[in-house]
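One structure below.
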Amino acid sequence: MLTTDAAEACGMNNALDDFDRWIRTDFVALNTRLEEAYFAAGTHILRGVTELEELKEKLAREGAERVRRIAVAGAVAGADAGAEGGGRAVPGDPHARYELLGSVGLYLGACRRHEIDGPQSSAWPLASSLAASLGVAPRFVFAHQALFNQAIGDRFRTFTLLDDERDFIVYNGLSVLAYQRTAAALRRIPTLGVSSPLAAFLLREAHAGLDDVMDFGRTLSKNLGVDRFFLTIRPYFKPYRVGGAEYRGANAGDFAAINEIDVLLGLCSPNDPFYQGVLTEKYPYVPPEDQAVLRATVLVEPLLAAFLRETARGPVTAQLRENAELFLAVCRRHGAVSAFHHHRLVAPFLQVPAARAPQEEHADLTASGPPLDVVVAHLARLVDLRSAKPRCGAFGARSSLDRLREALARAGTTLT
Ligand code: HEM
């Protein structure tokens, strides 16, 4: 026979399992039916169709019931354990809590996507308490879809059963892992010194990670249907409200490694007010461990500065030259991958279909909220920084990279 504590823990687990089962089955089926209906009609949403309104209402109601059961089971367990000196209404393990936040967020995101008002507001307190315990935004973010999403029988949690959504998450997720590989390699160089033979290995490793990001991006751009993305995937990434506040949508850029690479290479500076804005805005949308990485970027000495120092001090040994050339190749690759994102993903999958969309939808196209041309201009500035374009001014790396190239050219005949 179960003890009271065990029964309450069991009640909590049952409620969590039931919600997880629902998210992986009925929730996905309901979204898929709605998406297929919208897609067949060539639009991102249909309003006022009785059969579809019933599906939307079912989605909102069934999710709200399950979230309420979690909250009730948690409150009972919390109240009883509280009497003994410390209760908890959500899972104790931080990863379990983060995953649960993701699932509640998928439900809230779907309600927003189908423009449903009402029952889902009962999920706000759970989302808010999970988020407060972790120091993150109370909504799903890209990491919930790609990295904190336990697969069962090959399937991870998604909004729909559509292959395009699966491909979008898989290739974005693989790109994040590849960026993390590059960041992990670059991060080890400062303790070795830029003329170390081991640094050459790490710079090749960093380049290989960026090659993978490029390959995954190319595969994604070939496999993903433009209309499928625009009409049935993008709408889930909109901002939505939790409690009184609106939180911006998920985007695949919400991970710290890309910023660590920017700053370690010296292509972007945490002292640049524009780039400071990029870093600060991101905190609540990255996983808790990535917040520490973002914070650490301000302490980093860029590899570019270290190469300039060593080449100026001399001698420019064969190893230092090899490493500097590898470093310059990594910088070029980082710029090229960023330009690919801009010209081969953002432009064809967002800008081109957006230009065809009815005018009234233009205000509601981006994950972050501002109009699409503002978001695109912001992304273009990041591409310019990563590509070291001359127009980046005081915080761009162009003149420092030129100085490094000149130092290598000057030392061309004096190799030791
Ligand atoms: C069809 C595919 C994709 C499209 C249409 C797309 C579009 C966008 C858009 C519009 C933004 C700005 C979001 C906003 O502020 O509203 C963004 C940001 C970002 N995306 Fe993507 N993206 C795609 C795939 C990817 C992939 C595969 C990666 C690789 C990890 C990626 C990495 C990033 C990063 C790092 C940012 C943050 C800005 C930056 O640091 O450059 N995206 N994306």
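In listed order, ligands and their atoms are each counted from 1.
At a 4.0 Å cut-off, not a single heavy atom of Phe237 sits close enough to ligand 1 to count as contact.
The pair Glu205-Arg188 fails the salt-bridge criterion, with no side-chain N (NZ, NE, NH1 or NH2) lying under 4.0 Å from an Asp/Glu carboxylate O. The existence of a salt bridge linking Asp402 and Arg398 is confirmed by a sub-4.0 Å separation between a basic side-chain nitrogen and an acidic carboxylate oxygen. By the 4.0 Å N-to-carboxylate-O rule, Glu54 lies too far from Lys58 to be salt-bridged with it. Ion pair Asp154/Arg166 not flagged as a salt bridge, since none of the NZ, NE, NH1 or NH2 atoms sits closer than 4.0 Å to an Asp/Glu carboxylate oxygen.
For atom 13 (C) of ligand 1, the closest non-hydrogen atom on the protein side is Asn251 ND2, 3.4 Å. With hydrogens left out, the protein atom closest to atom 10 (C) of ligand 1 is Leu350 CD2, 3.3 Å, a heavy atom. Annotation: atom 29 (C) of ligand 1 to nearest protein heavy atom, Ser175 CB, 3.5 Å. Distance from atom 4 (C) of ligand 1 to its nearest protein heavy atom, with residue and atom name: Leu345 CB, 4.2 Å. Here the heavy atom of the protein found nearest to atom 24 (C) of ligand 1 is Asn172 OD1, 3.4 Å. Remark: minimum distance from atom 20 (N) of ligand 1 to any protein heavy atom is reached at His341 NE2, 2.9 Å. If you check which protein heavy atom lies closest to atom 36 (C) of ligand 1, you get Gly253 CA, 3.3 Å. Remark: minimum distance from atom 14 (C) of ligand 1 to any protein heavy atom is reached at Ser368 OG, 3.2 Å.
Closest heavy-atom approach to atom 12 (C) of ligand 1 among the candidates Val176, Val375, Val226: Val375. Taking only non-hydrogen atoms, the option from Thr219, Asp164, Val278, Leu379 nearest to atom 11 (C) of ligand 1 is Leu379.
Close contacts of ligand 1 with Leu382, meaning ligand atoms under 4.0 Å from a residue heavy atom, involve 38 (C), 39 (C), 40 (O), 41 (O). Under a 4.0 Å criterion applied to the non-hydrogen atoms of Leu224, ligand 1 contributes the atoms 1 (C). Listed by atom number, the atoms of ligand 1 under 4.0 Å from Val346 heavy atoms are 7 (C), 8 (C).
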Query - Glu165 vs Thr160, side-chain hydrogen bond (donor to acceptor under 3.5 Å, both in side chains): CA-CA, chis, key distance, verdict - result: CA-CA 7 Å; Glu165 187 195 349; Thr160 69; 2.6 Å; yes
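Using a 4.5 Å heavy-atom threshold, the side chains of Tyr275 and Leu382 count as touching. Side-chain contact between Ile70 and Leu16 is present, with at least one heavy-atom pair separated by less than 4.5 Å.
Among Tyr247, Tyr98, Phe159, the single residue meeting the ring-ring contact (aromatic ring centres under 6.0 Å, His included) criterion with Phe140 is Phe159. Remark: of the listed residues Trp22, Tyr107, Phe27, Trp22 is the sole one forming a side-chain contact (heavy atoms from CB on, under 4.5 Å) with Arg66.
Note that CZ of Phe349 is 6.0 Å distant from CG of Leu220, once rounded to the nearest 0.5 Å.
Below 3.5 Å of separation, one finds an N or O of Arg386 facing an N or O of ligand 1.
If you look at Val376 next to ligand 1, there are no close heavy atoms at all, none under 4.0 Å. At a heavy-atom distance under 4.0 Å, only side-chain atoms of Phe229, from C-beta outward, approach ligand 1.
At distances below 3.5 Å, at least one donor-acceptor pair connects side-chain atoms of Thr219 with backbone N or O atoms of Asp215.
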